[in-house]
Amino acid sequence: MLELRLVQGSLLKKVLEAIKDLVNDANFDCSATGFSLQAMDSSHVALVALLLRSEGFEHYRCDRNLSMGMNLNNMSKMLKCAGNDDIITIKADDGSDTVTFMFESPTQDKIADFEMKLMDIDSEHLGIPEAEYHAIVRMPSSEFARICKDLSSIGDTVVISVTKEGVKFSTRGDIGTANIVCRQNTTVDKPEEATVIDMNEPVSLTFALRYMNSFTKATPLSNTVTISLSSELPVVVEYKIAEMGYVRFYLAPKIEEDEDDAKPQ
Amino acid sequence: MGIKGLTKLLADNAPKAMKEQKFESYFGRKIAIDASMSIYQFLIVVGRVGTEMLTNEAGEVTSHLQGMFTRTIRLLEAGIKPVYVFDGQPPEMKKQELAKRYEKRADATGDLEEAMKTGNKEDIEKFSKRTVKVTKQHNDDCKRLLKLMGVPVIEAPSEAEAQCAALCKSGKVYAVASEDMDSLTFGAPRFLRHLMDPSSRKVPVMEFEISKILEELNLTMDQFIDLCILSGCDYCDSIRGIGGQTALKLIRQHGSIENILENINRERYQIPDDWPYQEARQLFKEPEVYTDAEQDEIKWAAPDEEGLITFLVNENGFNSDRVTKAIEKIKAAKNKSSQGRLEAFFKPVANPTVPIKRKESKCVLRSPKPATKDKMLFSLQASTSSRSRIIGNLSLPILDLGSKHSMSLSRGVCFGT
């Protein structure tokens with residue numbers, strides 16, 4: 001038996017919009033800690049980890065650790081039927097092969113039940129160790145989204161380098177090159193507009209912009225984004241969900257080919 | 001070809017050892033491919049209608065080149081790093097089998113002529129398929145093409161499947177792709193079917209893991225090899241009346257072919273007079289392959305553009321625009337192959353949760369559900385500390401309303417259970 005009541009239903013809508021392009025099918029895990037998900041894209045290059053803590057729900061009942069396999073596109077279709085102010089309740093019975101999404105309008109004069117079929121998904125769960133990162137950059141999420149979008153019109157990959165100077169995003173393509181440097185800037189009126197760089201060691205890594213752009217679909221969830229980089233680890237792009245948890249995206253870096261196959265062309 | 005009925009036998013007896021995978025999930029993986037098998041498939045499938053094949057101006061068949069070119073590009077575009085392994089000298093023991101195939105082909109050629117005379121289209125289709133033969137020329141053409149594409153080629157000393165399996169065992173490649181179930185008998189740790197199927201067929205890749213097969217069948221590798229020999233392999237005859245199921249039963253009961261021979265009812269099952277099962281077993285266990293030391297490192301290189309155009313366009317009449325576009329694709333894919341996979345950094349772990357949707361109904365111990373208590377029981381501890389309690393009392397309904405002390409009970413209204 002499972003029953004989760006989320007007053008700010010729009011959060012769940014935004015979460016789905018953030019992850020449904022990256023992952024087709026995924027298992028949602030439900031435990032006393034909260035409602036979570038971990039899934040990889042089909043080529044096992046990127047991973048999304050979602051956590052909505054139980055405390056963030058107005059009502060949270062989960063009798064035992066459960067997982068529910070869902071097609072995220074279908075789930076998104078259903079959640080799109082909920083109004084932005086609606087309260088969303090997720091319900092499922094033990095042994096049932098469906099999950100119910102209940103949408104209540106704020107004035108309680110409209111209640112909608114959407115029942116969705118569950119799937120059997122055979123997914124791998126990866127253990128993600130806690131790690132010390134060489135550099136952590138916090139910046140406005142809209143700024144990061146803009147940078148990724150702009151760079152992807154020039155090239156396919158982005159090199160993210162963090163130095164004392166700031167964080168540099170650069171790309172190269174057929175038509176030319178682009179470099180964007182963001183300096184540390186903490187003297188802003190609103191704290192969410194700050195760019196904060198916390199660096200132990202300079203680091204420079206290359207990533208596929210296609211994935212970065214897909215991560216920025218989570219921008220509506222949070223005003224700021226945190227990018228954690230270490231030279232021997234996947235990058236973590238984290239969007240905090242106020243009071244509730246986070247959506248974290250992990251992306252494996254591109255590795256310089258060690259083979260001497262770069263024949264002159 | 002291969003082991004008779006092994007796929008079905010495994011599907012029935014070791015379903016957990018088979019897994020459907022998406023084509024894309026092999027991104028970044030090195031995969032050894034049995035080339036001869038693929039070429040054979042291309043000759044049958046690509047551009048053949050009845051006896052008409054794709055040819056160049058000189059009338060030489062080019063189906064295999066077309067197939068090899070497009071399918072390999074498809075692999076490269078998916079970020080897969082293919083290594084093609086070609087057959088060397090067939091082992092002595094396979095000669096018999098090969099002679100049989102030759103005979104069949106000769107029969108089919110005769111039948112085909114007959115069908116051409118009567119003009120029966122279905123028969124023409126059927127028999128012309130059977131007359132298809134992979135020649136040395138086909139193999140050489142494909143090797144040349146692959147080298148120009150920058151894809152590594154390995155010539156096995158003997159059987160290609162055995163060499164593929166050896167590459168996979170030594171960890172040089174992630175998996176072996178073939179349609180021939182022999183690969184498993186040669187001990188390939190991970191074996192893929194349908195990897196080379198055209199995307200239009202939308203067949204998922206079927207992944208077999210030998211360790212899981214042995215675990216599920218509860219056999220040792222030696223017993224599994226015996227099982228394959230009994231089911232029917234390329235190297236010796238099998239016993240009449242014994243198929244996969246019976247073979248599995250006998251192996252489970254007696255443990256090895258020797259013991260089976262001692263205990264079996266010889267009146268019912270006729271054992272061939274000259275039955276070299278021991279040699280066949282030896283061939284599967286220690287096939288003639290290159291070891292790691294004898295082999296160069298496997299390398300993927302950039303495509304040779306000029307070479308490809310000369311070979312495909314000038315010599316074999318391919319459309320020049322299409323070849324140029326394809327070369328662009330290879331180059332773009334090359335760029336992609338530097339992308340790492342997450343598994344290189346994070347290791348898989350077991351997920352502690354249980355799916356709410358259960359395939360088969362399991363017996364679950366459960367205390368009678370007190371309907372009223374359901375709504376009364378509140379847990380106001382921090383949810384992390386209450387976790388162990390929940391695990392300890394799997395069936396006890398607990399309403400965990402979180403840890404906010406300021407929370408008033410009125411907020412915890414429970415509705416519609």
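Note that the structure is predicted; figures quoted are calculated from it, not measured. So that the names make sense, note that chain A is the first sequence line, chain B the second, and so on, each numbered from 1.
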Below 4.5 Å from any heavy atom of chain B, which atoms of [X] appear? Answer side chain, backbone, both or neither.
X	result
A/M40	side chain
A/Q38	neither
A/D93	backbone

**Report entry** Cation over ring face, B/R29 and B/Y174, 6.0 Å, 45°
**Finding:** yes
Query raised in the report: In terms of heavy-atom pairs under 4.5 Å with chain B, which of A/V45, A/L2, A/D97 leads?
Result: A/V45
Requested in this report: Keeping to residues at least two apart or across chains, list the salt bridge (Lys or Arg N to Asp or Glu O under 4.0 Å) pairs with something in residues 109-118 of chain A.
Outcome: none
Query raised in the report: So, A/Y211 and A/S43: side-chain donor and acceptor under 3.5 Å apart, yes or no?
Result: yes
Query raised in the report: Excluding sequence neighbours, so at least two apart, what forms salt bridge (Lys or Arg N to Asp or Glu O under 4.0 Å) with B/E328?
Result: B/K331
